[in-house]
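Read through the structure below, which is laid out as structure tokens, and then see the notes.
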Amino acid sequence: YKVNKEMNEKNMHIESLKNKYYLENLQRNDSEYDTIISVLERFDEGLPVIETEINLFISNTNKAIEALGYYMQYYYLKKEWSISRASRIYRNLGIPKLAISVTNCYSRLKDMGAKSASLVTRGAALKDIGELGDAEACAKTALSLNEKSHYPYNLLGSIYYLNGYPNKAEEYFNKALELGQNYEIY
């Protein structure tokens with residue numbers, strides 16, 4: 001009975017972690033399941049995770065695992081561009097609140113390009129949940145950090161369009177195209 005109870009508690013703990021990190025579709029029969037769970041438990045407890053384990057997450061075909069790997073890459077290795085990568089993946093998975101959450105550290109980023117990219121993905125996720133004022137603020141800050149990037153212009157165009165300013169939106173979309181945008185609308 002005691003062994004079954006401990007196994008049940010362990011399984012409940014693992015399911016709780018999978019839910020917390022949006023890994024519900026991770027199955028026991030996945031080839032790297034045990035390693036992923038071990039790393040996840042250590043990460044959740046703030047314990048060390050090594051670079052090869054982080055790379056295992058990043059190379060995984062499960063996008064939620066990949067995104068978490070990029071977040072770990074920033075958390076442990078301070079690779080600042082990883083924040084925007086993680087945020088973009090979570091946003092593409094339809095988890096905008098998590099896309100926003102992983103960018104909470106944007107003010108600590110030293111690389112202006114990485115900070116701008118993180119603010120763009122944060123702003124796009126805020127736009128996704130209807131927080132257009134906050135999204136606009138992120139886009140404007142991103143633009144001030146990197147005026148040569150088309151992403152902030154594209155995001156601002158999208159926000160102005162949603163706010164009912166099609167002419168202003170067109171100006172920003174045109175500037176994004178001028179800077180190399182490929183018709184993907186944020």
Side-chain angles (χ1 to χ4, degrees), residues 20-23 36 39-40 42-44 46-129 131-160 162 172-186:
K20 179 177 180 179
Y21 293 103
Y22 294 86
L23 303 176
I36 289 170
V39 171
L40 197 58
R42 283 184 281 132
F43 174 68
D44 193 62
L47 298 173
V49 173
I50 61 173
E51 188 169 1
T52 55
E53 293 169 324
I54 293 169
N55 291 337
L56 174 74
F57 274 61
I58 290 171
S59 65
N60 198 290
T61 58
N62 179 317
K63 289 297 185 185
I65 294 172
E66 180 186 358
L68 185 55
Y70 280 119
Y71 182 72
M72 286 183 198
Q73 195 175 52
Y74 168 72
Y75 185 82
Y76 290 107
L77 305 175
K78 301 305 179 212
K79 293 189 176 183
E80 294 185 353
W81 280 91
S82 298
I83 291 298
S84 63
R85 289 184 182 113
S87 180
R88 184 183 69 241
I89 293 169
Y90 284 130
R91 183 172 175 252
N92 289 340
L93 288 171
I95 315 171
K97 290 188 177 185
L98 194 51
I100 295 163
S101 177
V102 298
T103 61
N104 284 343
C105 62
Y106 76 86
S107 65
R108 292 187 296 257
L109 303 180
K110 292 172 181 54
D111 181 302
M112 292 303 132
K115 186 180 280 193
S116 176
S118 295
L119 282 163
V120 168
T121 58
R122 180 182 184 84
L126 285 161
K127 177 186 68 100
D128 293 344
I129 62 170
E131 299 288 336
L132 298 180
D134 290 339
E136 182 180 5
C138 285
K140 285 181 174 180
T141 303
L143 183 60
S144 74
L145 296 171
N146 190 357
E147 292 179 359
K148 295 181 191 275
S149 172
H150 61 271
Y151 294 107
Y153 290 99
N154 189 27
L155 178 57
L156 282 166
S158 179
I159 292 165
Y160 291 135
L162 290 171
Y172 281 89
F173 286 139
N174 286 335
K175 182 65 176 177
L177 288 170
E178 195 179 297
L179 291 171
Q181 180 63 36
N182 62 3
Y183 294 103
E184 176 190 354
I185 296 179
Y186 255 76

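What you see is a predicted model; the values in this text were computed from it and never measured.
Side chain of R122 to backbone of I100: a donor-acceptor contact under 3.5 angstrom is found. Proximity of a side-chain donor or acceptor of S87 to a complementary backbone N or O of A99 within less than 3.5 Å is detected. A distance-only check finds a donor-acceptor pair linking the side chain of E53 to the backbone of I50 [under 3.5 Å]. In this structure a side-chain-to-backbone donor-acceptor pair under 3.5 Å is missing from S158 to N154. Within the 3.5 Å criterion, the main-chain N or O of P48 finds a donor-acceptor partner in the side chain of R42. Checking side-chain atoms of S116 against main-chain N and O of G113 turns up no donor-acceptor pair under 3.5 Å.
Annotation for V49 and M72: closest pair CG1-SD, 4.3 Å, computed over non-hydrogen atoms. Taking every heavy atom of both residues into account, L109 and A114 meet most closely at CD1-O, 3.9 Å. When all heavy atoms of A67 and I89 are compared, the pair lying nearest together is CB-CG2, 3.6 Å. Of all heavy-atom pairs between S118 and S84, the closest is OG-N, 3.6 Å. Listed here is the closest heavy atom pair of L155 and V120: CD2-O, 3.5 Å.
Every residue two or more places apart in sequence or in another chain was checked for a side chain to side chain donor-acceptor pair (under 3.5 Å) with N92, and none qualifies.
Rounded to the nearest 0.5 Å, atoms NE2 (H150) and NZ (K175) are 13.0 Å apart. Annotation: the span from K63 atom NZ to R88 atom CZ amounts to 8.5 Å, rounded to 0.5 Å. Rounded to the nearest 0.5 angstrom, L68 CG and K20 NZ are separated by 10.5 Å.
A cation-pi arrangement is absent between K78 and Y76 under the rule of less than 6.0 angstrom and at most 45 degrees off the ring axis.
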Begin from the C-alpha positions of L179 and S149 and carry the test side chain to side chain contact (heavy atoms under 4.5 Å, CB included) through to its verdict. CA-CA 7 Å; L179 291 171; S149 172; over 6 Å; no
Trace of the side chain to side chain contact (heavy atoms under 4.5 Å, CB included) decision for T103 with L119: CA-CA 7 Å; T103 61; L119 282 163; over 6 Å; no
Does the pair Y106 and I83 meet the rule for a side chain to side chain contact (heavy atoms under 4.5 Å, CB included), with working shown? CA-CA 8 Å; Y106 76 86; I83 291 298; 5.9 Å; no
Derivation of the side chain to side chain contact (heavy atoms under 4.5 Å, CB included) call for L23 and L40: CA-CA 10 Å; L23 303 176; L40 197 58; 3.8 Å; yes
Starting from the C-alpha separation in whole Å, work towards a yes-or-no answer on salt bridge (Lys or Arg N to Asp or Glu O under 4.0 Å) for K127 and E131. CA-CA 5 Å; K127 177 186 68 100; E131 299 288 336; over 6 Å; no
Go through the steps for Y151 and N146 under the test side chain to side chain donor-acceptor pair (under 3.5 Å), then give the verdict. CA-CA 9 Å; Y151 294 107; N146 190 357; over 6 Å; no
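Side-chain contact check for T121 versus R91: every heavy-atom pair is 4.5 Å or farther apart. Using a 4.5 Å cut-off on side-chain heavy atoms (C-beta onward), F57 and I36 make contact. Y21 has its side chain within reach of F43: a pair of non-hydrogen atoms, C-beta onward, lies under 4.5 Å apart.
At a threshold of 4.0 Å, the pair R85-E66 does not count as salt-bridged, since none of the basic side-chain nitrogens sits closer than that to a carboxylate oxygen.
Between Y172 and Y160, the angle of the ring planes lies from 30° to 60°, which puts this pair in the tilted group.
The six-membered or imidazole ring of Y90 lies away from that of Y71, with a centre-to-centre distance of 6.0 Å or more.
Side-chain N/O atoms of N174 and Y153 include no donor and acceptor closer than 3.5 Å.
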